[in-house]
Amino acid sequence: MRVLRIDEHSPYQQLIGVGGIGTGIFFALEGDHTLGRAESRPGRLLDVRDYCKLHIVIHYVARLLGANQSGDPFHLMPIGNIGDDASGHSVLKEMSSAGIDTGRVRLIPGKPTLFSVCFQYPNGEGGNITTSNSAAAALAGSDLNGVADLLASRGRRTIALAAPEVPLEARRRLLELATTAGAFRAASFVSAEISAMTGSGMFELLDFVSLNEGEAAELVGCQFAREEPRPFIDACLKFVGTAYPRLQMVVTAGESGAYAFAGEFCNHSPAPKVTVASTAGAGDSLLGGVLAALAAGIPLLRKGSWGEKITDGPLETALEFGVLLASYKCLSPHTIHPDACLDTLVEFARRLKLTFSPTIEQLLTEQAPIRD
């Protein structure tokens, strides 16, 4: 099986992350009217496997980079809590099978594993109910104090990822420790957190942030319009270039693909046209693809004008790599595509008549045998 090569020349050799670890289920509701306060509504339980944000992101990183329990060539360690229940043991087993080091995932007796019940109306709209008293919600900033030595072990060759579905206190503590260690600091947020983030100093602790179009609009004060994206792009460039000049930002825009911003530069990578089974988890898979590509040394974007739209030529950036992976994920109804790996992604690109740049081609390597 091929993976993206990680060796002594790679920018990053380790990812340590905090965020949601858990599962969920999907219901397709009957009837388009909004679910009433006292209503009992029939719904079809869908054969969809749902996972929480941190698990989705790091699963793809692990598969693309050939992570394994030994930590060689790439060490991937989530910090989090799960319940001592069937769901918790199931996700723990799945993460371990993907090569993720679960040594810092704690079982919390008396607390359920993070769980979400998602419902969808026939018109495609929907919502979800997520446990507020889960083991994940009990993760405290003090639980991260023992991570300092782990961060320092690979220092600047570490990616620290702060993902939603755990308290902001724990995410901030990871980023503070990562700052001390000189690690690359990445995060994502949900819309409800954006206003609090802008006044909290959290963005000063970041090198990279990934948002969807709604979250980004909340951040920069301008809505994304697919027909005329220029005002939104200008607002993002102003935010990155003026307020946070060292920050790299990726914004996902559904069927329009994704945008990447760094300093005065912006790239737009359109999404390939595919038959969509589900978009759930696509944004998280895109983030996983981008982080894996950055770890291997693939640049985030091509240096060009504000509106450089990448439509021709081989794929050569982490942005394009992430968009390709997100499009592949959409072929599956599950939030983690069960067949996703570098081999299937390369074959998917071939079917779309897409090629990789020589730089990326040189990074495609057969995975070395796993050491005992």
Side-chain angles (χ1 to χ4, degrees), residues 32 34 53 57 118 120-121 123-128 130 162-165 168 186-204 206 208-274 276 278-287 289-290 300-302 304-311 317-320 322-323 326-327 329-330:
D32 246 334
T34 301
K53 287 184 175 296
V57 175
C118 304
Q120 189 174 58
Y121 297 100
N123 69 354
E125 296 178 345
N128 65 78
T130 303
E165 300 173 334
L168 287 169
S188 63
F189 303 102
V190 297
S191 293
E193 298 171 336
I194 296 297
S195 59
M197 291 304 92
T198 54
S200 69
M202 186 77 91
F203 279 93
E204 281 84 352
L206 291 177
F208 176 90
V209 65
S210 177
L211 305 169
N212 66 30
E213 60 187 86
E215 295 154 358
E218 188 76 20
L219 179 66
V220 303
C222 180
Q223 295 295 318
F224 174 77
R226 189 164 286 109
E227 301 77 18
E228 183 44 69
R230 179 63 185 266
F232 175 80
I233 291 171
D234 285 343
C236 290
L237 283 170
K238 182 178 179 181
F239 177 82
V240 172
T242 303
Y244 300 98
R246 296 177 57 186
L247 181 68
Q248 298 177 324
M249 181 165 71
V250 165
V251 178
T252 62
E255 63 184 21
S256 293
Y259 293 81
F261 303 90
E264 62 183 357
F265 300 110
C266 168
N267 280 177
H268 172 212
S269 178
K273 301 298 183 184
V274 299
V276 175
S278 171
T279 60
D284 296 321
S285 65
L286 188 146
L287 175 55
V290 169
L300 176 63
L301 76 173
R302 306 180 191 187
S305 64
W306 74 267
E308 182 174 348
K309 186 174 182 179
I310 306 169
T311 55
T317 66
L319 174 66
E320 295 165 280
V323 169
S327 299
K329 192 253 66 92
C330 289

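Side-chain atoms are counted along with the backbone in the values below, which use heavy atoms only and exclude waters and symmetry mates.
Between S191 and E218, the shortest heavy-atom contact is O-CG, 4.1 Å. The nearest pair of heavy atoms linking S278 to A280 is OG-N, 3.1 Å. Residues F208 and V290 approach most closely at CZ-CG1, 3.8 Å, considering heavy atoms. When all heavy atoms are compared, the tightest approach of P245 to G241 is CB-O, 3.7 Å. A pairwise comparison of heavy atoms in V323 and P270 identifies CG1-O, 3.6 Å as the closest pair. The two residues T252 and N212 come nearest to each other via the heavy atoms OG1-CA, 3.2 Å.
Atom CE of M249 is separated from atom CG of L206 by 11.5 Å, given to the nearest 0.5 angstrom. One distance of note links CZ of F261 with CG of L300; it measures 10.5 Å at 0.5 Å rounding. In this structure, OG on S327 lies 8.5 Å from CG on L286, to the nearest 0.5 angstrom. With values rounded to the nearest 0.5 angstrom, R230 atom CZ is found 8.5 Å from L237 atom CG. Expressed to the nearest 0.5 Å, how far SG of C222 lies from CD1 of I233 amounts to 10.0 Å. Atoms CG and NE2, from L301 and H268 in turn, are 13.0 Å apart once rounded to the nearest 0.5 Å.
Every side chain to side chain contact (heavy atoms under 4.5 Å, CB included) that S200 has, sequence neighbours left out, goes to R172, M197, M202. With sequence neighbours excluded, the residues satisfying side-chain hydrogen bond (donor to acceptor under 3.5 Å, both in side chains) with T130 are S116, N128. Scored by the ring-ring contact (aromatic ring centres under 6.0 Å, His included) test, F224 finds F232, Y259 as partners (sequence neighbours excluded). The side chain to side chain contact (heavy atoms under 4.5 Å, CB included) check on V190 picks up K53, P164, E193, E215, with sequence neighbours excluded. Remark: A162 engages V18, R171, L175, A187 in a side chain to side chain contact (heavy atoms under 4.5 Å, CB included) (not counting sequence neighbours). Evaluation of the salt bridge (Lys or Arg N to Asp or Glu O under 4.0 Å) rule for R246 yields no partner, not counting sequence neighbours. Partners of S256 under the side-chain hydrogen bond (donor to acceptor under 3.5 Å, both in side chains) rule, at least two apart in sequence or in another chain, are R226.
Ion pairing between R302 and E320 holds under the 4.0 Å rule for side-chain N and carboxylate O.
In this structure, the side chains of L287 and V250 stay at 4.5 Å or more apart for every pair of heavy atoms. Looking at Y244 and V209, their side chains never come closer than 4.5 Å, going by heavy atoms from C-beta outward.
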